[in-house]
Participant: 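Please see the structure below; I have some questions.
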Amino acid sequence: MGAETVIIEKNFINGAWEDSGGEKIAVIDPVTEQPIGHVCEASAADVDRAVAAANAAFPAWSALTGAERAAFIRRLSAAIRAHMDDLVALQKRNCGKPPAEAEADFTGSIECLDYFASQAEALDARRQQDIAYDIPGMASVTRLEPMGPAGFILPWNFPMKICAWKLGPALAAGCTVVIKPSEIAPFTDTFWGLAAEEAGLPAGVLNVVNGRGAVTGAALAEHPDLRKIAFTGSTRTGKAVMQAATNGVKNIGLELGGKSPIVVFEDADLDLAARLAAEGVFYNSGQCCNATGRLLVQDSIKEALTEKLLDEFAKVVLGAPDTPGMTMGPLASKAQYDKVTGYMEIARKEGLKCLAGGGPAAQFNSGYFVEPTLYTDVPRESRLWNEEIFGPVLCLRSFASEEEAVREANDTEYGLAATIVTEDDARAARVAARLEAGHIYTNTSVAIPPQTSWGGFKQSGIGRELGPWGLAGFLEVKTVTSRA
Ligand code: NAD
């Protein structure tokens, strides 16, 4: 998988690679802007066969013990380990990620699968439990049962890991799955089919269909024979998926966009604050759902922090993934480049004060590179303050009091994550309790370990992935009440 063209014209359905007669979708290298290969689009009929395979495989797969399923899950993570070098190379070419960030997509997937393998084993003991209550003559037990066949619709920003966040708990719970990778970064998620073969997964437990959202994604979202749709992507698409899913009645998990604040109080360690704020918008070129795109800083330290921030901005080295010393790659696609540079244009029209960057990176002959960008004193009503940009663009506003900081931080339609930087533990706890977001970080970077929860308040989503909550997302609860 070095520099050669990658062509995937098959879907992985019922344990076999089936030819897909669908339209070719070119996959583009964001550094050269040239195709690196293509996938073929699965039709609604292909999706139908994949869903039928997942349904046929469900009774036997769900009848295995958790420990038996855990062994398969561990073999999937072994398959990723075995192909790591090729997968990382492919991810760098397809997404323009720096080497360490490309690798993290796979090490994160392995960590997640291994965690859910342990959860599958633990499920054997938890599967049936007495309910303690005091009604004479009656007794109840609960049973945890797998939800059924599930469809996954995936984004391109962390293609593999975000699939692992769904696949680990689904397989652990006893569900079978149909995976639809993003058409922008489809190759490494198609690898799940190869991994399933290497792991010896029974046919139909894991299926992969490629294609665009409007065709393949929509067919999956509206399929009446799935019991769950787990979607990660933009809030706009999430609403369409939710609407399509009402074709039947199915469970739905939505991991959507964000516009996460980082709130820096005057007692903060300013070096740490500058590093966290920069890291929070530069990781994956800012294409993170939890990017810390809104910096709220207390008035008294605004100037000092801005200086330190500019030092952090100056350290960024833009480049192709294999350029020595590069720290930030291009945006992943032309559409994303147009969107981010479009926001920079809006900033000009709005008259925002730009302290760094503010446009495409002119030093490259090709590639979707944009400058790391800092706007300060951004008005509350600015589109850049309110909308998810998904690029290396940081917007700064200042506040006078803790009360104002909380109000500003919460004044958004999103609620995915939030960061607090303060040396005062009591303040950190107080503010964390008041912020409306699914994951609050204090004095640390926005990492997402599989043991914690992930998901958003408000327009950032429905449900939680990871941790025991992620597993619960693929389980039904059945209570059996009997005469004692
Ligand atoms: P997107 O919404 O454009 O696409 C996501 C997926 O939905 C793709 O597979 C696409 O093919 C599919 N799709 C598009 N239209 C569809 C339709 N009508 N029916 C069914 N499927 C359809 O998102 P993206 O650009 O791939 O990803 C970026 C977005 O994802 C950002 O908003 C980001 O915040 C969000 N995201 C959220 C999380 C999270 O955990 N909350 C994680 C990563 C990314």
Side-chain angles (χ1 to χ4, degrees), residues 25 27 39 41-42 44 47 94-95 105 108 112 151-166 178-186 189-190 208-223 226 229-247 252-260 281 283-293 331-340 387-391 412-417 437-439 446 448 450 452-466 470 473:
I25 303 169
V27 179
V39 292
E41 183 154 80
V47 170
N94 192 171
C95 302
D105 200 26
C112 176
F152 302 164
I153 301 177
L154 303 171
W156 46 262
N157 60 339
F158 298 97
M160 198 77 177
K161 191 160 70 176
I162 284 175
C163 188
W165 290 0
K166 298 165 174 48
V178 180
I179 298 168
K180 203 235 31 103
S182 162
E183 61 274 36
I184 292 165
D189 274 325
T190 307
V208 185
V209 287
N210 272 304
R212 285 166 300 180
V215 179
T216 317
L220 202 58
E222 68 190 21
H223 205 291
L226 289 172
I229 285 286
F231 170 83
T232 298
S234 62
T235 297
R236 192 165 59 89
T237 310
K239 288 178 185 171
V241 165
M242 194 167 169
Q243 217 154 25
T246 59
N247 187 28
I252 186 152
L254 298 177
E255 295 291 342
L256 308 177
K259 186 76 183 178
S260 301
V281 282
Y283 196 82
N284 204 31
S285 306
Q287 300 164 120
C288 302
C289 52
N290 55 354
T292 51
L331 297 171
S333 69
K334 172 81 165 60
Q336 199 51 36
Y337 175 84
D338 288 346
K339 182 177 171 199
V340 174
E387 298 174 16
E388 184 183 48
I389 299 172
F390 229 52
T412 166
E413 62 180 355
Y414 294 111
L416 193 54
H439 202 138
V446 289
I448 310 175
T452 61
S453 69
W454 188 248
F457 286 29
K458 302 192 268 186
Q459 302 283 304
S460 288
I462 297 177
R464 291 292 177 272
E465 291 190 331
L466 301 179

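When a ligand or atom number is given, it counts from 1 through the structure's own listing order.
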Participant: Identify all N/O pairs between ligand 1 and the protein with a separation under 3.5 Å and present them as a table of atom names and distances.
Facilitator:
unit_1, atom_1, unit_2, atom_2, d
ligand 1, 2 (O), S234, N, 2.9
ligand 1, 2 (O), S234, OG, 2.7
ligand 1, 2 (O), T237, OG1, 2.7
ligand 1, 9 (O), L154, O, 2.6
ligand 1, 9 (O), K180, NZ, 3.0
ligand 1, 11 (O), K180, NZ, 2.8
ligand 1, 11 (O), E183, OE1, 2.7
ligand 1, 11 (O), E183, OE2, 3.4
ligand 1, 11 (O), G213, N, 3.2
ligand 1, 23 (O), S234, N, 3.4
ligand 1, 25 (O), W156, NE1, 2.8
ligand 1, 26 (O), W156, NE1, 3.2
ligand 1, 30 (O), G233, O, 3.2
ligand 1, 32 (O), E388, OE1, 2.6
ligand 1, 34 (O), E388, OE2, 2.6
ligand 1, 40 (O), W454, NE1, 2.8
ligand 1, 41 (N), L256, N, 3.3
ligand 1, 41 (N), L256, O, 2.8

Participant: Looking at E413, I want to see if its CD is surrounded by more than 12 non-hydrogen atoms of other residues, nucleotides or ligands under 6.0 Å.
Facilitator: yes
Participant: Do side-chain atoms of N157 reach the backbone of C95 as a donor and acceptor pair under 3.5 angstrom?
Facilitator: no
Participant: Does the E41 side chain pair with the main chain of T216, one donor and one acceptor, at a distance under 3.5 Å?
Facilitator: no
Participant: By salt bridge (Lys or Arg N to Asp or Glu O under 4.0 Å), which residues pair with E222, not counting sequence neighbours?
Facilitator: none
Participant: Scan side-chain atoms only and decide if N210 and T190 contain a donor-acceptor pair under the 3.5 Å cut-off.
Facilitator: yes
Participant: Please work out which of the three classes, parallel, tilted or perpendicular, describes the rings of Y283 and F158, given edges at 30° and 60°.
Facilitator: parallel
